[in-house]
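Residue numbers begin at 1 in each chain, while the letters A, B, ... track the order of the sequences.
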Amino acid sequence: MKMNRYQADERGYYGEFGGAFIPEMLYPNTEELRQNYLRIMGEPDFQEEFRQLLRDYVGRPTPLYFAKRLSEKFKARIYLKREDLCHTGAHKVNNTIGQILMAKKLGKSRIIAETGAGQHGVATATVCALMGMECIVYMGEVDIARQAPNVARMKMLGAEVRPARSGSRTLKDATNEAIRDWINNPVNTHYIIGSVVGPHPYPDMVARFQAVISEEIKWQLKEKEGKEDPDYVVACVGGGSNAAGTYYHYLDNEQVGIIAVEAAGKGVDSGESAATSALGKVGIIHGSKTLLMQTGDGQITEPYSISAGLDYPGVGPMHAHLYKSGRADFIAITDDEAMAAGLMVSQLEGIIPAIETSHAFAIFDHRTFKPDDIIVINLSGRGDKDLQTYIDYFKL
Amino acid sequence: MKMNRYQADERGYYGEFGGAFIPEMLYPNTEELRQNYLRIMGEPDFQEEFRQLLRDYVGRPTPLYFAKRLSEKFKARIYLKREDLCHTGAHKVNNTIGQILMAKKLGKSRIIAETGAGQHGVATATVCALMGMECIVYMGEVDIARQAPNVARMKMLGAEVRPARSGSRTLKDATNEAIRDWINNPVNTHYIIGSVVGPHPYPDMVARFQAVISEEIKWQLKEKEGKEDPDYVVACVGGGSNAAGTYYHYLDNEQVGIIAVEAAGKGVDSGESAATSALGKVGIIHGSKTLLMQTGDGQITEPYSISAGLDYPGVGPMHAHLYKSGRADFIAITDDEAMAAGLMVSQLEGIIPAIETSHAFAIFDHRTFKPDDIIVINLSGRGDKDLQTYIDYFKL
Amino acid sequence: MNRIQEKMRSGHKLLSIYFTAGYPKLEDTVPVIEALDEAGVDMIEIGLPFSDPLADGPTIQASSTAALKNGMHTELLFRQLKGIREKTDIPLIIMGYFNPVLQYGVEAFCKKCREVGIDGLILPDLPLDVYQEEYEPLFKANGLLNVFLITPQTPNERIRKIDEGSDGFIYMVSSASTTGARDGFGPEQRAYFERIHSMGLKNPQIVGFGISNADTFAQATTHAHGAIIGSAFIKMLTEDGKTGIAPFIRSIRKSP
Amino acid sequence: MNRIQEKMRSGHKLLSIYFTAGYPKLEDTVPVIEALDEAGVDMIEIGLPFSDPLADGPTIQASSTAALKNGMHTELLFRQLKGIREKTDIPLIIMGYFNPVLQYGVEAFCKKCREVGIDGLILPDLPLDVYQEEYEPLFKANGLLNVFLITPQTPNERIRKIDEGSDGFIYMVSSASTTGARDGFGPEQRAYFERIHSMGLKNPQIVGFGISNADTFAQATTHAHGAIIGSAFIKMLTEDGKTGIAPFIRSIRKSP
Ligand SMILES: Cc1ncc(COP(=O)(O)O)c(C=O)c1O
Ligand SMILES: Cc1ncc(COP(=O)(O)O)c(C=O)c1O
């Protein structure tokens with residue numbers, strides 16, 4: 001077995017995917033990052049501050065919780081990795097803590113970010129408040145409407161939320177706007193991308209910051225089950241950052257099955273979907289070669305999902321590679337399936353998941369497991385931001 | 001120094017406060033609890049399940065976070081006990097975990113609760129979902145309107161939210177309704193009270209469940225500062241449960257200053273206030289003798305605070321005793337002061353506190369501290385439930 | 001001998017009526033008492049309204065809220081009752097929550113009761129042990145009987161203790177329920193009535209909660225010495241006013 | 001020799017215009033080219049519209065969205081351009097994002113370009129190294145010059161590398177900014193223009209971004225060989241239509 005088959009190579013490629021397809025205007029910014037990120041991340045004082053903030057500020061380690069009632073229902077040993085308990089309510093903050101420290105090391109004073117569900121925007125606004133940095137968050141107009149609580153949170157935290165009014169007015173368009181801002185502010189600004197997308201070195205850097213998730217799963221599972229390796233790790237995939245973190249330390253251990261859950265929206269073939277692996281072809285989005293939903297003509301398609309955080313037409317290059325290589329099992333879950341799963345988890349375990357996460361709980365109608373299979377599902381975020389959507393959907 | 005001067009005695013009295021002033025209809029229920037609670041809490045399997053759920057489900061220990069920017073601003077060593085990171089977003093769940101296990105031990109199948117801010121209701125609905133128990137939460141109509149997100153959460157969790165339509169239609173009235181329900185359902189129902197109020201043994205039992213807060217502070221502070229005892233422990237006081245938990249292990253150590261922060265509403269003397277220590281006289285509310293806001297005629301006054309969780313005309317008997325004995329320093333904070341403090345903490349530390357908690361951050365205009373004073377403030381809950389109030393107030 | 005104790009000796013089944021002082025109108029307290037007396041009830045409980053009547057159902061709760069809005073308060077009640085003993089000899093009990101009494105001052109309250117001619121108190125949230133430790137001498141000194149409640153859940157042992165500590169009657173709550181009219185009593189209640197009866201308590205028992213008409217009155221008093229009507233009476237008073245009092249009492253009294 | 005290279009040899013300051021294919025109307029592509037040619041511009045960049053033009057400002061972005069709505073797509077552009085070389089000899093460059101090219105097939109795309117008579121490509125998000133590793137032979141085989149951008153932030157070392165790898169001209173982005181009309185150039189930009197000039201690159205430099213009128217054109221071309229107008233032209237086209245083309249070009253050409 002060759003090691004590191006599923007990690008980025010030096011040039012930021014995962015198999016045929018990845019790289020840095022960026023306008024020259026962005027070259028200095030990404031180059032500065034590329035040349036420094038591994039060195040900075042390796043510095044003891046960086047690691048110390050990163051770890052200390054993850055512990056004292058974010059609340060890590062997050063628990064690995066044995067979900068008794070879910071396990072009984074689906075006849076398997078189901079563990080939940082509780083990223084919903086992170087400060088700000090999702091895994092996103094692992095990455096923003098890392099990147100804000102990176103930005104400080106690089107001498108930046110201004111932070112920009114894009115956001116879909118608003119979780120990454122909140123996580124970015126949070127670390128900017130913590131470090132006293134200026135913060136501008138781009139967010140699609142549609143998402144601003146459907147994720148109002150997170151917009152409010154960003155404002156409370158002192159961030160400016162700028163609406164993206166082009167295209168589908170969702171995550172992809174917010175990302176375009178953020179990139180434009182970065183082009184216009186190449187010297188003092190660091191762009192905190194919120195997932196394992198974008199040009200090299202972002203996918204690798206973000207994956208490394210999120211890797212703390214599987215780092216913890218390993219020793220936590222060892223404590224609980226006497227072994228580090230579950231039979232399956234499961235995560236929802238929007239851009240793919242929570243999934244990357246969940247899989248990271250298991251990527252090259254083929255004993256561990258990898259399940260990636262995408263948003264089928266109203267159905268993979270309905271024309272209103274965000275199931276990138278099923279619907280995508282190789283293409284370039286936001287500086288990265290990856291699987292991409294697009295027209296035959298290469299225009300990027302407007303995706304659809306009830307969950308703002310999965311409503312993205314691409315997927316991180318790591319995941320494109322996991323799909324193409326067959327390393328991961330991709331499952332597409334519809335809006336309806338996800339919503340039902342979200343309600344089920346709420347009422348069985350007392351945990352209201354983010355709608356993104358709810359997709360990951362809907363796999364049990366699609367795959368069967370053995371009673372002694374150990375399944376770790378990453379509970380990437382809490383559903384507070386989605387209450388209105390749940391309420392409207394279920395007419396509660 | 002006499003030990004346990006500030007704990008409940010066997011009959012549930014803290015000095016002159018406490019006891020069980022209940023209608024005979026409630027006698028069997030509270031008596032069953034009184035006779036069993038200490039024994040059950042002492043059982044190893046109870047402790048094990050309680051501790052395991054606190055760890056794996058609630059996410060304990062919650063961090064003790066050194067707030068660098070707050071410390072710089074106010075020139076003291078300020079630590080925040082991060083109860084906002086608990087599952088469901090506040091300290092309330094420590095108690096509901098304990099009580100649901102207690103209810104199981106007592107063979108109950110139906111749970112009722114009252115709620116003001118909705119945090120206790122959510123925490124109760126959560127543990128009921130976890131244990132598969134029926135759950136009914138009483139909530140004042142006014143609070144239902146101003147804490148909509150928490151109402152939605154309770155419904156998602158499968159609880160029934162019943163509006164209390166009498167009196168000021170807030171917490172006190174919801175408590176009346178819950179007690180009525182308990183009277184009507186004396187056999188199969190356990191009433192999970194949400195604070196250190198109510199008849200004996202509730203104040204003592206809830207305080208013991210919340211005591212995990214100061215239990216953790218002690219060893220966490222030891223790790224960080226080399227000593228277990230801060231100079232001050234600070235908490236907001238509604239009924240007083242987060243405060244009781246924060247003070248618990250320091251009560252009889254008079255080296256540690258105790259600061260209790262109450263809601264002055266529009267001003268202690270404005271007629272719209274919930275500052276019980278300043279405005280209350282000895283009286284009986286919800287089965288307990290304590291300080292109580294009331295007319296000269298003994299009618300309970302309708303309190304007012306912008307924060308639903310502090311909008312209560314009484315205070316737990318432990319706190320009445322801490323006030324009367326001079327052990328604690330009580331500070332009353334207005335709506336405006338609390339809101340400003342909430343915004344300050346959001347923008348300085350990247351943490352949006354519950355408005356209840358925000359009151360505790362407003363003490364710095366009222367007291368001065370020495371630069372090497374170690375102050376632990378209990379960050380009792382997160383502000384997600386209060387976003388609309390913040391937004392409206394600051395016109396964000 | 002106290003008027004209550006005297007009344008308890010009478011052979012027939014006692015009908016006791018609860019109403020809220022100052023309801024429907026502030027000045028109705030005495031007229032209602034007079035009308036009840038005239039209609040032939042045996043005993044009257046005068047409700048001292050409280051802002052947070054947590055042991056009461058919606059009907060009595062609403063009447064309390066209304067009475068407080070009307071301006072009823074403790075001192076005023078005593079003022080209204082001044083001279084009542086020139087008008088009637090019917091046993092009068094004040095029923096209320098402990099907090100207003102505490103604020104008035106328990107001693108002052110007891111003295112006033114004696115002054116105006118009150119015979120007893122029902123304070124549901126003043127428990128037996130606190131009463132005995134702190135207040136019994138005050139009550140006794142002022143000739144006031146304190147009435148305690150028992151419910152279907154009260155253990156026999158505790159019933160004996162309450163019986164021991166009482167010397168007027170025992171208020172027997174018919175079922176685990178805040179007050180409010182019911183349709184009738186089921187087998188459980190009847191078993192409970194029988195169980196208590198067979199205990200042979202020294203105090204007579206008056207059943208309360210859930211009595212609304214001749215039927216339920218008859219059922220409740222099969223074994224017990226009498227019964228109290230509260231919610232049903234308040235409901236009638238709300239709908240028909242004071243002129244409804246006599247017909248209402250007649251309807252209860254007529255054998256079913 | 002390629003038409004672009006030939007044009008670069010001419011002594012005067014070159015005026016190059018960018019417009020979006022299929023804008024304002026779907027069939028406007030060729031008429032706009034003809035009008036620009038007639039008005040005497042030196043070079044034309046034909047924008048292949050893209051759904052997510054992240055290096056473009058709002059004006060060009062809006063024109064791309066409109067063109068796509070009009071129905072513009074890659075194959076259609078080639079169809080429209082078929083026969084263009086019978087009408088004009090002006091250097092024609094297609095400017096677009098890499099993804100549509102990738103979907104068309106890079107080889108097929110290059111071949112089509114040759115067929116219709118395209119002289120070069122500007123694909124801002126196809127970086128130099130990927131181009132050199134994977135696509136250079138294809139471009140060369142089809143007689144296409146690939147144009148790279150430099151910005152004020154591009155390090156000298158990299159500028160040399162880009163100069164090395166280019167053989168038409170270097171697209172010199174005037175300032176760190178997505179495209180969009182500016183008011184004029186400041187001291188920073190002028191220093192940058194001078195710095196690049198003094199590097200003595202082998203390729204001529206054409207300045208782009210922020211040129212909107214005779215003034216900024218003159219400033220941009222003090223040292224450089226020419227300049228590209230994009231947003232300002234599109235804006236004019238949106239407001240005045242094709243009849244505005246000749247006057248617009250005249251207004252740029254006249255010395256300030
Ligand atoms: C809770 C949660 N889970 C998952 C996602 C999807 O992002 P990613 O695939 O990068 O984890 C989001 C995005 O906002 C999110 O908020
Ligand atoms: C976050 C938070 N803090 C404090 C309180 C006040 O309650 P207590 O005084 O019992 O801690 C509440 C009540 O809901 C709350 O939600």
Heavy-atom closest pair (A:Phe21 atom, D:Pro127 atom, distance to 0.1 Å) is CD2-CD, 3.9 Å
Would you compute the distance between atom CG of D:Leu54 and atom CD of A:Glu177 and round it to the nearest 0.5 angstrom? 10.0 Å
Portion of D:Leu128 that has a non-hydrogen atom of chain A nearer than 4.5 angstrom: neither
Would you indicate whether A:Lys105, at its atom NZ, is surrounded by more than 12 heavy atoms from other residues, nucleotides or ligands within a distance under 6.0 Å? yes
Contact part of A:Ala178 toward chain D, heavy-atom cut-off under 4.5 Å: side chain, backbone, both or neither? neither
So, taking the atom named CD in D:Gln61 and the one named CZ in A:Arg165, what distance separates them when rounded to the nearest 0.5 Å? 12.0 Å
Does a side-chain N-to-carboxylate-O contact under 4.0 Å join D:Arg158 and A:Glu24? yes
Check each atom of A:Leu26 against the heavy atoms of chain D and say whether the ones under 4.5 Å are side chain, backbone, both or neither. neither
So, taking the atom named CD in D:Glu75 and the one named CG in A:Asp297, what distance separates them when rounded to the nearest 0.5 Å? 9.0 Å
Can you tell me how far the OG1 atom of A:Thr295 sits from the CD atom of D:Gln103, to the nearest 0.5 Å? 8.0 Å
Proximal component of D:Leu123, with respect to chain A [non-hydrogen, under 4.5 Å]: neither
Looking at CG of D:Asp125 and CD1 of A:Ile285, how far apart are the two atoms once the value is rounded to the nearest 0.5 Å? 11.5 Å
From D:Phe98 atom CZ to A:Ile22 atom CD1, the distance as rounded to the nearest 0.5 Å: 14.0 Å
Answer yes or no: are there more than 12 heavy-atom neighbours, outside D:Glu188 itself, under 6.0 Å from its atom CD? no
A:Arg180 and D:Pro53: which non-hydrogen atoms are nearest, and at how many Å? NH2-O, 2.7 Å
Nearest atoms (heavy-atom pairs only) where D:Pro100 meets A:Gln299: CG-NE2, 4.4 Å
Using heavy-atom distances under 4.5 Å, tell me whether A:Asp173 contacts chain D through its side chain, its backbone, both, or neither. side chain
One option among A:Asn176, A:Thr301, A:Val282 has the most heavy-atom pairs under 4.5 Å with chain D, and it is A:Asn176
Taking CD in A:Glu160 as the centre, count heavy atoms belonging to other residues, nucleotides or ligands within less than 6.0 Å. Is the count above 12? yes
Would you mind telling me which of A:Lys172, A:Lys289, A:Glu302, A:Lys281 has the largest number of heavy-atom pairs within less than 4.5 Å of chain D? A:Lys172
D:Ser51 and A:Ile300: which non-hydrogen atoms are nearest, and at how many Å? OG-N, 2.8 Å
Considering only heavy atoms, which portion of D:Thr74 lies under 4.5 Å from any heavy atom of chain A: side chain, backbone, both, or neither? both
Sort out for me which residue in D:Asp52, D:Asn99, D:Leu102 forms a side chain to side chain contact (heavy atoms under 4.5 Å, CB included) with A:Gln294. D:Asn99
D:Tyr104, part contacting chain A, at a heavy-atom distance under 4.5 Å: neither
Counting only heavy atoms not in D:Glu136 (residues, nucleotides, ligands), do more than 12 fall under 6.0 Å from its CD? yes
Counting only heavy atoms not in A:Glu10 (residues, nucleotides, ligands), do more than 12 fall under 6.0 Å from its CD? no
